[in-house]
Amino acid sequence: MSAQRVMHRAPLTLRRTVVTKHFTQDHEAVKFDSDTGVGTVTITDYAQKSLGDIVFVELPEEGATIEKGESVGAVESVKAASDIFAPVSGEVISINTKLGESPSLLNKSPEEDGWLYQLNLSEPGELESLLTEEQYKEFCES
């Protein structure tokens, strides 16, 4: 009689990460990862088109605690300067240092490579007061 090998597998656990995107009427956006609690803040494509060629970006410092609606930096272009307002509250955990050397990333890829900063949200419920992508498009068209 031969021995049979029996293999036991642990049940496969799937985690569903939900990434949502919310917008402000000041043309900032935040991509929120529900799994990590991290938000990535950007300006919108609409904002970068309105500003024109971006020549300088001022960002908050890593470790800074910021409040929703607070001015946390600025974007300067050949046409104008504009404050960056925090769409949500939290602690800044990372800034996009590439923008210091290449602020034009905001023109080329404002919502991807040109992200501004990442933060751990202190009040994830604040996302509910922001605009959905559809609401933001309607706002821009009005």
Side-chain angles (χ1 to χ4, degrees), residues 3-142:
Q4 288 188 352
R5 188 175 220 183
V6 177
M7 294 179 63
H8 294 281
R9 292 184 185 206
L12 181 61
T13 304
L14 298 175
R15 291 186 81 176
R16 183 173 179 189
T17 299
V18 177
V19 177
T20 57
K21 194 169 186 180
H22 304 270
F23 299 83
T24 71
Q25 292 183 352
D26 293 316
H27 308 289
E28 289 92 14
V30 58
K31 288 185 234 174
F32 178 67
D33 183 323
S34 66
D35 198 33
T36 63
V38 172
T40 301
V41 177
T42 70
I43 65 168
T44 64
D45 190 51
Y46 181 92
Q48 73 81 17
K49 286 178 182 173
S50 297
L51 285 166
D53 293 336
I54 295 170
V55 295
F56 178 77
V57 181
E58 178 187 346
L59 298 173
E61 292 186 19
E62 285 186 24
T65 300
I66 57 177
E67 296 296 322
K68 180 180 176 181
E70 176 183 355
S71 177
V72 295
V75 176
E76 293 181 17
S77 72
V78 294
K79 287 195 223 176
S82 180
D83 285 337
I84 299 168
F85 296 100
V88 289
S89 302
E91 181 183 347
V92 177
I93 58 171
S94 179
I95 60 168
N96 189 350
T97 56
K98 292 179 184 177
L99 293 176
E101 299 166 8
S102 185
S104 64
L105 276 174
L106 281 176
N107 293 113
K108 295 174 187 162
S109 181
E111 297 180 33
E112 295 298 328
D113 296 336
W115 60 276
L116 302 171
Y117 62 93
Q118 294 180 315
L119 75 166
N120 283 324
L121 274 67
S122 57
E123 300 288 334
E126 290 177 340
L127 293 168
E128 300 305 315
S129 67
L130 301 178
L131 304 173
T132 65
E133 189 164 3
E134 185 176 304
Q135 290 169 327
Y136 179 71
K137 283 180 183 177
E138 288 174 14
F139 172 76
C140 291
E141 290 169 359
S142 62

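All of these numbers come straight from a predicted model, not from anything done at the bench.
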Salt bridge (Lys or Arg N to Asp or Glu O under 4.0 Å) pairs touching residues 122-142, sequence neighbours excluded, are none
Short question: side chain of S109, backbone of L105 - any donor-acceptor pair under 3.5 Å?
no
CD of Q118 to CG of D33: how many Å apart, nearest 0.5 Å?
9.5 Å
Test item: S77 side-chain N/O and L51 main-chain N/O as donor-acceptor pair under 3.5 Å
yes
What distance do K98 atom NZ and D113 atom CG have between them, rounded to the nearest 0.5 Å?
6.5 Å
Yes or no on side chain to side chain contact (heavy atoms under 4.5 Å, CB included) for E91 and L119, after CA distance, side-chain angles and deciding distance?
CA-CA 5 Å; E91 181 183 347; L119 75 166; 5.8 Å; no
Write out all pairs satisfying ring-ring contact (aromatic ring centres under 6.0 Å, His included) with one or both partners inside residues 120-142, taking only residues at least two apart or from two chains.
F23-Y136, H27-Y136, H27-F139
Check for a donor-acceptor pair, side chain of D83 on one end and backbone N or O of F85 on the other, with a separation under 3.5 Å.
no
Quick one: pull up NZ in K79 and OG in S50 and give me the separation to the nearest 0.5 Å.
7.0 Å
So do E111 and K21 actually touch side chain to side chain, heavy atoms under 4.5 Å?
yes
T42 versus P110: any side-chain heavy-atom pair under 4.5 Å?
no
Donor-acceptor pair, distance only, cut-off 3.5 Å: does the side chain of N120 make one with the backbone of V38?
no
Are the side chains of P87 and F32 in touch, meaning some heavy atoms are under 4.5 Å apart?
no
Check: L99 and L59 side chains under 4.5 Å, non-hydrogen atoms
yes
Atom CD of E76 and atom CG of L106: how far apart are they, to the nearest 0.5 Å?
12.5 Å
Identify the two heavy atoms, one from G100 and one from P103, that lie closest to each other, and give their separation to 0.1 Å.
O-CD, 4.2 Å
Would you say S104's side chain and N107's backbone share a donor-acceptor pair under 3.5 angstrom?
no
Q25 CD to C140 SG distance, which is reported to the nearest 0.5 Å
9.5 Å
Any non-hydrogen side-chain atom of L121 less than 4.5 Å from a side-chain atom of L127?
yes
Which residues share a salt bridge (charged side-chain N to carboxylate O under 4.0 Å, His left out) with E112, sequence neighbours left out
K31
Check Y117 against A86 and note the closest heavy-atom contact, atom names and distance.
OH-CA, 3.7 Å
For a quick test of reading the model, state the closest non-hydrogen atom pair linking T44 to A29 and the distance between them.
CG2-CB, 4.2 Å
Reported OG-to-CD1 distance for the pair S82 and I43, which is rounded to 0.5 angstrom
8.0 Å
Does a side-chain heavy-atom distance below 4.5 Å link L116 with I95?
no
Tell me, which pairs form a salt bridge (Lys or Arg N to Asp or Glu O under 4.0 Å) where one or both residues lie in residues 38-53, sequence neighbours left out?
D45-K49
Which donor-acceptor pairs under 3.5 Å do the side chains of residues 60-71 make with protein atoms, sequence neighbours left out?
residue, atom, partner, partner atom, Å
K68, NZ, S129, OG, 2.3
E70, OE1, E67, N, 2.8

Return the set of residues passing salt bridge (charged side-chain N to carboxylate O under 4.0 Å, His left out) with E28 (not counting sequence neighbours), or none when no residue passes.
none
